[in-house]
2 protein chains.
Amino acid sequence: MASSINFVVIDMENKKSRGRPRAFDRTQALELALHLFWAKGYEGTSLNDLTSTLGINAPSLYAAFESKPALYRESIDLYLAQQYERIGALLAQAATARIGLDSMLRGAAEQFTAPDHPPGCPIASGVLRCAEANAAIGELTADHRRNTRAMMLARLQQGQQDGDLPVDLDIHALAGFYAGIIQGMSVQAIDGASTADLLKMADLAMQAWPGNPQAS
Amino acid sequence: MASSINFVVIDMENKKSRGRPRAFDRTQALELALHLFWAKGYEGTSLNDLTSTLGINAPSLYAAFESKPALYRESIDLYLAQQYERIGALLAQAATARIGLDSMLRGAAEQFTAPDHPPGCPIASGVLRCAEANAAIGELTADHRRNTRAMMLARLQQGQQDGDLPVDLDIHALAGFYAGIIQGMSVQAIDGASTADLLKMADLAMQAWPGNPQAS
DNA sequence: TATATTGTGTATCGTTTACTACATAAATAG
DNA sequence: CTATTTATGTAGTAAACGATACACAATATA
């Protein structure tokens, strides 16, 4: 299972390196690569796509990022640092487990439909199926999905310890449910759902919270 | 939006055709192709995968199925006829909208984890992202997802007409929610969830049903 | 039997894939 | 300055991709 802690490599632009300086912004290139993988998937993104979008030649890309799978991994790390962990923080920092899950779902609704990047989530809807040659990449994203679920489970356990959730609750089932909600929201976003649509879905998902008093 | 009615081509084995007879069972080959696309995705399945698994050479495959995208389309049609429409029937034939959705979700839980085929659903988790060259294939599966949602919406409308759902209910939001549940269940199945896991998810999703009286 | 029609196996086709050899350019270090 | 180091652009590589040309085999029809 992947760690939720990711160390992001920040370009030390002040520290001068030895040889010829790089002619492009590495972090900016990484973000462009992320958006490509995000929109087209790992297998749907070719090196021609990457080099033409980043505006560099193949040798420069390989010198900076090693290989296509390595570039993908680093792109996903950037995604986690920029977007995903912000949502995870909403979960962890909330006063109760319920507020935490609600905040996370609402955060995801906004995030999955934000106009400055492709729709959905590259983890929740990433490399779900792939060729055997790319199995390691598929496992990477699956690990990140399992990690999300583990974070939810940990917050639910915390809720039980804090006394805001009954101890006899099936929190594994609940974590699986809300992880599935996130994944469903991502697919809906890819299929064109709006922020409001996803917020309604988050609302309905919170209606399933155990012991929830409902108005008809 | 794709029609939910699909005409499946049944091999007329009694009707003798003119030239040299085909040396393999076309429907059986189609099912093998479906399972390949199901497990590896459209872009992750190569023609080498197909010909070696079906046990035929490329010219035979092309004579029988025209092209890779045409084979994919026909495989999906077979999936719809064999699996998907059975679940859709549970939705349509139920006495109330609530029972219909509940049956559909439970049917999906069983179906997505059945041991005789790859996990998940090739529509709910199919070609979510792809290269621009395969955009038509992506649109095909997206159309089928939208169709599923439209079927849910139609059943909810029916429920309003039948009086088992309040007329002021936001049934569009509800249809989106349950469509998202199906898609989330498919991802969970791909990530290794059991039938029991998915049934718990279906149960929780039904807890969100409007006006649902809950026990803690 | 002769002809038409269709499927099969061999051996490719041209294109795209991810990736790199190599010479040169641009920086630092001594 | 020279030497070293790193990045860049040109022009490729071998392999895999989806798809076929072609000769031959196997059937139905005339």
Side-chain angles (χ1 to χ4, degrees), chain A residues 9 11-30 33 36-37 40-75 127 130-138, chain B residues 9 11-30 33 36-37 40-75 127 130-138:
Chain A
V9 176
D11 261 19
M12 306 291 190
E13 306 216 10
N14 35 351
K15 180 197 163 194
K16 294 194 175 180
S17 58
R18 187 81 191 288
R20 177 174 177 172
R22 187 175 286 122
F24 61 96
D25 185 321
R26 194 180 186 280
T27 306
Q28 186 179 322
L30 198 56
L36 273 178
F37 287 130
K40 303 182 174 192
Y42 178 75
E43 292 179 327
T45 304
S46 70
L47 258 119
N48 195 17
D49 291 333
L50 289 163
T51 53
S52 61
T53 298
L54 309 206
I56 60 177
N57 294 109
S60 298
L61 189 149
Y62 278 84
F65 301 109
E66 177 114 355
S67 68
K68 189 190 174 188
L71 174 56
Y72 178 79
R73 287 170 187 272
E74 202 172 339
S75 299
V127 203
C130 65
E132 285 161 30
N134 302 320
I137 294 294
Chain B
V9 177
D11 262 18
M12 305 291 190
E13 306 217 9
N14 36 353
K15 180 197 164 194
K16 295 193 174 178
S17 57
R18 188 86 191 283
R20 177 175 176 171
R22 188 174 286 120
F24 61 96
D25 184 319
R26 194 179 186 281
T27 305
Q28 186 178 320
L30 197 56
L36 273 177
F37 287 130
K40 302 182 175 194
Y42 178 75
E43 290 178 331
T45 304
S46 70
L47 261 127
N48 194 19
D49 291 332
L50 288 163
T51 53
S52 63
T53 299
L54 309 206
I56 61 178
N57 294 109
S60 298
L61 188 149
Y62 278 85
F65 301 109
E66 176 116 353
S67 68
K68 189 191 175 189
L71 174 56
Y72 178 80
R73 287 170 187 271
E74 202 172 338
S75 299
V127 202
C130 65
E132 285 160 31
N134 302 321
I137 294 294

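Values below: every heavy atom of this structure, side chains too, minus hydrogens, waters and symmetry copies. The chains referred to below are lettered A, B, ... by the order of the sequence lines, with proteins before strands, and numbering in each begins at 1. As the structure is a prediction and not an experimental result, all values here were calculated from the model.
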Please state how far atom [atom1] in [X] lies from atom [atom2] in [N], giving the value in whole angstrom units.
X	N	atom1	atom2	value
B:Y72	D:dA19	OH	P	15 Å
A:L54	D:dA7	CG	C1'	15 Å
A:E132	D:dA16	CD	P	14 Å
A:I56	D:dG9	CD1	P	9 Å
B:F65	D:dG18	CZ	P	16 Å
B:L61	C:dG9	CG	P	12 Å
A:L71	C:dA18	CG	P	11 Å
A:E43	D:dA16	CD	P	15 Å

Handout entry: B:F65 backbone acceptor or donor facing B:E74 side chain under 3.5 Å
Key =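 No; judged by distance alone, with no hydrogens or angles, the pair does not exist.
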
For [N], does OP1 or OP2 lie under 4.0 Å from any side-chain N or O of [X]?
X	N	result
A:N57	D:dG9	yes
B:S60	C:dG7	no
B:S46	D:dA16	no

Test item: [X] and [Y] side chains (from C-beta on) under 4.5 Å apart, heavy atoms:
X	Y	answer
A:T53	A:L50	no
B:L30	B:D25	no
B:C130	B:Y42	no
B:L54	B:F24	no

Exercise for the section: Treat primed atoms plus P, OP1 and OP2 as sugar-phosphate and everything else as base, then score nucleotides 20-30 of chain C 5' to 3': B for base contact with protein heavy atoms under 4.0 Å, S for sugar-phosphate contact only, - for none. Expected result: BB---BBBBS-

Exercise for the section: Quick one: label A:T45 by what it contacts on the DNA or RNA (base, sugar-phosphate, nothing), any heavy atom closer than 4.0 Å. Expected result: sugar-phosphate

Handout entry: Polar side chain donor-acceptor pair, A:N57 to A:S60, under 3.5 angstrom
Key = no

Exercise for the section: Find out whether the Lys NZ or Arg CZ of A:K68 is both under 6.0 angstrom from the six-membered ring centre of A:F37 and within 45° of the ring's axis. Expected result: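 That pair does not qualify as a cation-pi contact.
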
Problem - First of A:A63 and B:S67 reached from the 5' end of DNA chain D, by closest nucleotide - result: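 Residue closer to the 5' terminus by nearest nucleotide: A:A63.
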
